[in-house]
Amino acid sequence: MKEKKQNNILELFKPYVPKAVTSRILEGKGSLPSERSEATIVFIDISGFTKLSDQLDPEKATEIINNIFAPIVGIIDKYAGSINKFLGDGLMAIFGTPFSHEDDPERAARASLEIMKSIKKNGKIKIGSKAKNLKARIGINTGFCISGEIGSDSRKEFTVIGDTVNLASRLQTNAIPGKILIGEKTFQRIKDSFTSSPPCKLKVKGKKALVSVYNLKGEKKKISFLEQKKNSHSPFMGRQKEFKVLKEALKKSYQSKGQLIEIRGELGAGKSRLILELTKESLAKKFYILSGDCSSWEESKPYAPFKEIFTKIFGIKFDDEFKEIEKKIENKIKEIDSSLLFASSYFSRLLSSKIKSLEEIMEQSKEESNLFIRVIKKLLFSFSSQKPLLIIIEDVQWIDDASVEFLVQCSKELKEFPILLIYSFRESLKKRESINGAKRIKLVPLKNTESDKLIRFLIRENDIYKLMKDKIITTANGNPLFIEEIVRGIEERRLSADKERLINYPEMFADFQIPDTVQSIARARIDLLPVGLKEILYQASVLGKYIEMNLLQKITNLEVKILFEMMKKLQKNEFIVRLEAAPQPQQYFAFTHSLIQEIAYNSLLFKTRRSLHTKIGVAMEVMYLSKIDARVEELAYHFKNSDDKEKAVFYLNKAGDKAQSLYAFSNAVNYFQDCINISETTKLEKEQLKQLSEIYNKLSFSQSIIGERKEAEVNLNKALKYCRKTKNKDNESLILMSMGNLYGDMGQWDKAIGYFQNSLLITEKLNNLKRKARIINNIGLINLFKGDTSTGYINLKESLTLCETIKAEDIYIMVLNNMGIYYDIVGEWRKALDIYKKSLSISKKNNNVIEMSNTMGNIGFAYSSLNESVQAIYYFKESIKISERIGDIYNKGINYLHLGEEYLRKDKLKELKYYIFYAEKIFEELEDKLGLADVYRLKAKMFKKIKNWKDSETFFRKSIKTYSQFGDKINEGESYYEWGDMLFIRKNKNLAKGKLLKSKKILESIGAKKYLGEIEEKLNNLKK
Ligand SMILES: Nc1ncnc2c1ncn2[C@@H]1O[C@H](COP(=O)(O)OP(=O)(O)O)[C@@H](O)[C@H]1O
Ligand SMILES: [Mg+2]
């Protein structure tokens, strides 16, 4: 009887279960083979339910279904588990087979905790006048199971069997109602993120030894550094207006109208606190909060705050191995936006620390370095479609160059995404311009009434409050940190006084002189510390804002226990706080405010400071031996400030390499420059000379990319000078090649070819074929630019053959495309097409999306020259599609222009205007002057076509101005020709002649032959 009724309820319940949850595993998969795989099994039993079910009427049954079972099913679904079967009082769920996630045990644990909560909330059942609390018992176990389909063809069931399943069931029966019991393996897999009881022993059937089991308690709270900075707060005073602006921005961002907010204010004005208050808003709970700090030692570290942010997004842990990091990145990108998978290496490079050699970086196409930042941004933005993002970057006064660039890039497109980006900085240390489009909040001093309230709260003793408040208000001048520091100072005075049983407060504070800056009061407080404690505080300050206990222990040489005792005392004095759940397994403290750290650090004698930095560096080298590359920037910082110059040079050099590998060229310049400065003060033996020459070469490369060409030239010459002293041929050939590249970039083509040829001579002797292929390709390209197309062709052909023999596919594609350009120039477009298509098939094979989209644009161009408009348009649009997918708006803009040209030729003005409009928008956003010049040139041609001479002239003039500014001779010369042609059509003979001659002069100077024939013809025509 009992049995029957119960089944009824479950029968009633089943239709409510989404099919996906019960049969997720069977979907479209045909027959699943039996396999042995790891799974996490969850048994849930609602105790008391059987007994209850006797007394239930249908209405009650429905109520139970709605309130208890439906949520359970929903929760299991949410964590991508599947319900395998319904049992007497509950059910069995599986996580991890046949479809696994890397964190199935965590998912199972999270789901179980949530189910407990849900039942606790909804499990109150009233029967008649009696209320009954339903409680669940849950068992979780992880391990290998045999899984597969069991049963006949007509009625197949997916199931898992094995010891793992049996133990899970047994754990459930042994759980106390309301508790979750987990097995050893589950515990091992989740212990970093969850809290549980100490192990208990359980006897299991068929096993002699007792097994360890644990009661799962809850999830460890993962608090960000921001939230941890303060665990006890004074009440929040004032700031209504500022807070309203923030709340408004939060609301707008939530509606996908992204916002950028800048908060500035003096040290201690309350920037961090204001942001913290915002994160407590209920709407903020709907956001994914990502915070990254900048700190003074990270001023050159590329993407410092964003590394923190992406580490969180990808769920990367401190001790993850490289392989693991890569896997996590890949999985997450798949989840967020699989079209960005091609760039997973960008992220692993960003987050692990792969270093590329200079030659490898030179090999990278310019597109790739431009794209790096865009792809990273695209992923961040795509991520916001899962959950709105609240991104917080604090202390931007110390931000690095690459991060600034990233911020600026983000700010431009933010408005279309549910993202609120807040950055804050200390006003007096500000070094950069504000970002365009940011709403600015300036934190002014608190009002006297607000200060008063704060003081009233902080000073509990009436006497002292009355006595001191006016003094505090005037001195602190509305700076909350200052107020807090004064109160702490008073508190310390009071405590020491109480000890001496001197409690006549008025007398005691009558002569209390409050120092007039927050720094001096804090320093006075530190001075009051006993010598030993003060020492610890000083030493800790060399570690930075966050104090890693392992390191502190190494440099203080104190016993761990004693050290902790001392730290606790410092914590009591509110100099430092304990970080409860640091992102890393180490124990961490942090200074309550960077003020304290700065003061302590500045109080150290230079000599002591340097020796402490050395100690820390050495300790880090030992502790992080296997992961040293990940800490290179930190080591560079410590050794740079130590007496160990050799190590300083070593790590600064490495940090520079790392920055260069991330295309953070400006950061790299800083590191290399520092490195050279130190290196040149040391004695230079042969080995050092070689290294120095290499560093100069690298420095110069980064400088040339960020536009410091003069400096780059000087430094390359130094590189060459040092190199020749060491007679290192390999290095010399590389430097000479760099020279060639630099002069090539500057348009000094003969000089460039000269250097390339010198480099080639050495390279050939060294038999470095890959480099040889590259140099010859470069020479070929320059010959094309110079207009010596036949020599260019011979060079490119030679390079191609060489690439084929050594199977250097990466260079091969590059050379192929240059060959295509050759055919383009000489007007053999069919051949150009063949070449481009060959290159396209290779990049398709290698899934090199960047090359694909470039080549497609080129193919479109060739078709366009052949007057095969349909094909041309097709390829331009394909190229645009790829660019959109990977967030490469630059290439998108270029292709918009190509499309515009195509429609201009076909007299389709409506389409033309459309593409001009969007191309202009893109280049404006990118602040790309040359791109805009191209837009103007196209506009000029459009107006020329519709015979609006005046506007046409205006835009020719505008575009030419930019071309000439940037030394872009080809476009300058061609634009003059087009302009001259326009005047020619208008029969304005004199002016036409002027422009045509100008065009001829410019084009001839670079050996470009394209329009020379037409120009000559028109000039002759004008003579008649
Ligand atoms: N409006 C406020 N009301 C009360 N306390 C505040 C307020 N603003 C800041 N504080 C407190 O003052 C101290 C310094 O503030 P913080 O936000 O860290 O300053 P900043 O980030 O500007 O250097 C913190 O302890 C903070 O809790
Ligand atoms: Mg702050």
Side-chain angles (χ1 to χ4, degrees), residues 223-247 261-281 291-296 298 304-305 308 392-399 422-430 440-459 469 472-473 475-491 517-519 521-522 525 544-546 571 573-579 590-599:
I223 342 174
S224 72
F225 272 169
L226 172 91
E227 292 158 73
Q228 290 158 358
K229 270 176 209 161
K230 270 262 153 178
N231 26 29
S232 61
H233 287 292
S234 32
F236 189 56
M237 297 298 167
R239 307 290 187 222
Q240 287 89 357
K241 221 174 60 212
E242 293 86 350
F243 202 60
K244 217 176 126 198
V245 175
L246 282 179
K247 261 170 56 179
I261 302 259
E262 169 188 295
I263 301 178
R264 60 200 164 122
E266 269 325 314
L267 170 108
K271 304 177 288 295
S272 307
R273 178 68 189 268
L274 183 64
I275 297 171
L276 179 64
E277 290 300 316
L278 184 72
T279 63
K280 291 186 196 155
E281 281 293 290
S291 60
D293 285 355
C294 309
S295 54
S296 52
E298 291 181 325
E308 241 177 274
I392 300 161
I393 314 285
E394 285 229 69
D395 289 322
V396 161
Q397 70 271 10
W398 291 311
I399 198 168
I422 304 177
Y423 66 92
S424 73
F425 60 85
R426 211 184 279 178
E427 185 131 44
S428 52
L429 296 180
K430 183 184 175 195
R440 299 181 199 173
I441 295 178
K442 184 185 156 92
L443 287 187
V444 294
L446 293 177
K447 292 194 192 96
N448 282 355
T449 47
E450 291 160 356
S451 292
D452 186 18
K453 267 198 215 148
L454 186 55
I455 298 165
R456 177 68 274 204
F457 174 85
L458 292 170
I459 305 182
K469 81 162 207 203
I472 301 177
I473 289 176
T475 323
N477 193 19
N479 182 310
L481 179 67
F482 204 169
I483 295 177
E484 287 184 349
E485 277 297 315
I486 297 172
V487 173
R488 286 183 187 126
I490 292 174
E491 180 69 7
T517 64
V518 66
Q519 281 83 2
I521 179 134
R525 267 201 330 118
K545 205 159 47 173
Y546 302 111
Q571 184 169 12
N573 283 313
E574 296 190 5
F575 288 113
I576 58 174
V577 287
R578 177 79 180 265
L579 295 182
F591 287 93
T592 43
H593 196 277
S594 48
L595 165 78
I596 307 292
Q597 186 259 337
E598 283 163 33
I599 289 172

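The figures here come from the full heavy-atom set of this structure, side chains too, leaving out hydrogens, waters and symmetry mates. In each ligand, atom 1 is the first atom listed, and ligand 1 is the first ligand listed. In what follows, residues are counted from 1 in the order of the sequence shown.
- When atom types are taken as modelled, the side chain of E266 and the backbone of S428 share a donor-acceptor pair closer than 3.5 angstrom.
- Heavy-atom proximity to atom 14 (C) of ligand 1, evaluated over I483, L481, T592, is greatest for L481.
- Looking only at distances, no side-chain donor or acceptor of R488 sits under 3.5 Å from a matching main-chain atom of F575.
- Residue E484 places at least one N or O, backbone or side chain, under 3.5 Å from an N or O of ligand 1.
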> Step by step, would you call I486 with I483 a side-chain contact (heavy atoms from CB on, under 4.5 Å)?
Replying inline: CA-CA 5 Å; I486 297 172; I483 295 177; 5.7 Å; no

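- Assignment of E266 to the shell around ligand 1 is supported, since a heavy atom sits closer than 4.0 Å.
- Checked by atom type, the side-chain pair E308/S291 shows no donor-acceptor distance below 3.5 Å.
- Residue contact check: K271 has heavy atoms under 4.0 Å from atoms 17 (O), 19 (O), 20 (P), 21 (O), 22 (O), 23 (O) of ligand 1.
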>> Apply side-chain contact (heavy atoms from CB on, under 4.5 Å) to residues L481 and E484 and explain how you reach the verdict.
In response: CA-CA 5 Å; L481 179 67; E484 287 184 349; 4.3 Å; yes

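- The Mg ion (ligand 2) has an N, O or S atom of S272 inside 2.8 Å of it.
- Between G270 and ligand 1, at least one N/O pair is under 3.5 Å apart.
- Of the residues E262, E394, Q397, the one that meets the side-chain hydrogen bond (donor to acceptor under 3.5 Å, both in side chains) test with S424 is E394.
- The closest donor-acceptor contact from the side chain of K271 to the backbone of G265 lies under 3.5 Å.
- Among P235, G268, P480, S451, the residue whose heavy atom sits closest to atom 8 (N) of ligand 1 is P480.
- No N or O atom of R239 sits closer than 3.5 Å to an N or O atom of ligand 1.
- Using a 4.0 Å heavy-atom cutoff, A269 is listed among the residues neighbouring ligand 1.
- Between atom 5 (N) of ligand 1 and the options E242, M237, R273, the minimum heavy-atom separation is to R273.
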